[in-house]
Amino acid sequence: MSADLNVFITKERIESHTDETTDRSGEDENPLAGMTVAVKDNISTKNIRTTCGSAMLESYVPPYDATVVRRLTDAGATIVGKANMDEFGMGGTTETSAFGPTENPRAPERVAGGSSGGSAAAVAAGEADLALGTDTGGSIRNPAAFCGVVGIKPTYGLVSRYGLIAYANSLEQIGPIASTVEECASLLDVIAGPDEHDATTHEEGANTDYAAAADGNVEGMTIGILSDLVEGADEQVVSVFEDAVADLEAQGAETVEVELDSIEHALAAYYVIAMSEASSNLARFDGVRYGTSGGYDGNWNETFAKAREDGFGEEVKRRILLGTYALSAGYHDKYYKKAQDARAWVKQDFDSALSRADVLASPTMPVLPPKIGESLDDPLQLYFIDANTVPVNLANLPAISVPAGEADGLPVGLQLIGPAFGEEQIIRAGSALA
Ligand code: GLN
């Protein structure tokens, strides 16, 4: 069905190392036995090219597996391909991919969302049971919402990023995408927990049984409605969101209105920080050690410039330029430092909101999935659709997107945000809906 949706950049398999014929009496030996997984193409796979959706890395073949890939194959899963994505994760529609956009399985003339568009579309189209995405400012939740599946952005530090090709380190996490909350939680169970190769990982949350939390019991739970984020969304989206909230109330949840004073600064702060980190991370792609060669003709500066001119797409270049500017002497305090101050404010605001509610709720995306080709011309428009997802990354909190219903036959996602390492609460509340 989906051969032409452009879900995979590279369709190669990595079989599980586990032997299915061995004794499986130990209950959790192979929790993902027989499951197929699509892996976003910025996560390293040994001997299988890993492009980040970029011409720059068109023929880059990593010499090692990311920790999450090892954990999947150790748990009995088979990886079925490397999923399409916005170039280096920069975008929200998978249209900045050098390999062309991914079509939305629910409406092929529309985008699958992004940047993990291939991952969410693979699950929605039945090309894989499960998928891994990455979320720097919404890239798991956005395509999950647009494709009508479930995605979790874990707390910063819950999942190892060893082997992830970085876009903006202080913001991003690898996380699961699946058709149901329970399957998504099972995948989180397998990938969560400390890794000696990633010093940002924690013990905290490692031994939680996430799948068991998907019990659908919201009785007595307090859900804070993020009214600023609801107001900014399209009418059709709001109406689906409100019905889903009413459903949660009918199941015994209490709701309270929550306002975050800092929220209007989140989007600007996110883009300054993300672009600054990107400009530094992407400096390594010079066509010598990594990236397409610019062809040396006696001048190294020209060689590097040519490699970067040819290898990077428009959006990536725009961000490198803006990020370099924001970090440059004389502007650092005006942009980067200010953005960090706003980030601290957002964190504080979330902490105080989460002292009044168990989880916070908003529409995941303020809009329905746009048509392919509709949003590329106006980068600012593309940044605005991240308004509801980026505050969560600034605050390093966990969030889930679950299908809330449909408008015009298109899926609408509901976002639930929890306290740090409070994945159980968002899984529990989310499972009451999907
Ligand atoms: N759309 C956001 C950006 O372009 C988020 C991307 C992501 O989470 N990788 O930065």
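All values below come from the heavy atoms of this structure, side chains included, with hydrogens, waters and symmetry mates left out. Indexing begins at 1, ligand by ligand and atom by atom, following the structure's order.
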Polar proximity ligand 1 side, Lys40 side, N/O cut 3.5 Å exclusive:
no
In the protein, what heavy atom is nearest to atom 5 (C) of ligand 1, and what distance, to one decimal place, separates them?
Tyr270 OH, 3.4 Å
Nearest heavy atom to atom 1 (N) of ligand 1 wins, so pick from Asp135, Thr96, Leu267, Asp386.
Asp386
Verify side-chain contact (heavy atoms from CB on, under 4.5 Å) between Glu95 and Ile372, making sure each step is shown before the conclusion.
CA-CA 8 Å; Glu95 291 171 293; Ile372 291 174; 4.0 Å; yes
Within 4.0 Å of some non-hydrogen atom of Tyr271, the atoms of ligand 1 are 1 (N), 2 (C), 3 (C), 4 (O), 10 (O)
What residue and atom, counting heavy atoms only, is the protein's closest point to atom 9 (N) of ligand 1, and at what distance?
Ser139 OG, 2.7 Å
Part of Ser115 within contact of ligand 1 (heavy atoms, under 4.0 Å)
side chain
Any sub-3.5 Å donor-acceptor pair from Ser280's side-chain atoms to Ser276's backbone N or O?
no
Test side-chain contact (heavy atoms from CB on, under 4.5 Å) on Cys147 and Asn104 and set out the steps.
CA-CA 6 Å; Cys147 292; Asn104 190 320; 4.2 Å; yes
Could you tell me whether Lys317 and Glu309 make a salt bridge, using a distance below 4.0 angstrom between a side-chain N and a carboxylate O?
yes
Quick one: closest heavy-atom pair of Gly151 and Cys184, and the distance?
CA-SG, 4.1 Å
Taking 4.0 angstrom as the limit and counting only heavy atoms of Met90, give me the atoms of ligand 1 inside it, by number and element.
4 (O)
Per-residue contact class, Tyr383 against ligand 1 - non-hydrogen pairs under 4.0 Å:
neither
At a 4.0 Å threshold, what atoms of ligand 1 neighbour a non-hydrogen atom of Gly137?
5 (C), 7 (C), 8 (O)
Assess Gly91 for proximity to ligand 1: is some non-hydrogen atom of it under 4.0 Å away?
yes
Classify the ring geometry between Phe88 and Phe312 as parallel (under 30°), tilted (30 to 60°) or perpendicular (over 60°).
perpendicular
Decide, yes or no, whether a salt bridge links Lys337 with Asp341 under the criterion of side-chain N to carboxylate O below 4.0 Å.
yes
Check each heavy atom of Arg319 against ligand 1 and say whether those closer than 4.0 Å belong to the side chain, the backbone, both or neither.
side chain
Check: Met221 main-chain N/O paired with Asp358 side-chain donor or acceptor under 3.5 Å:
no
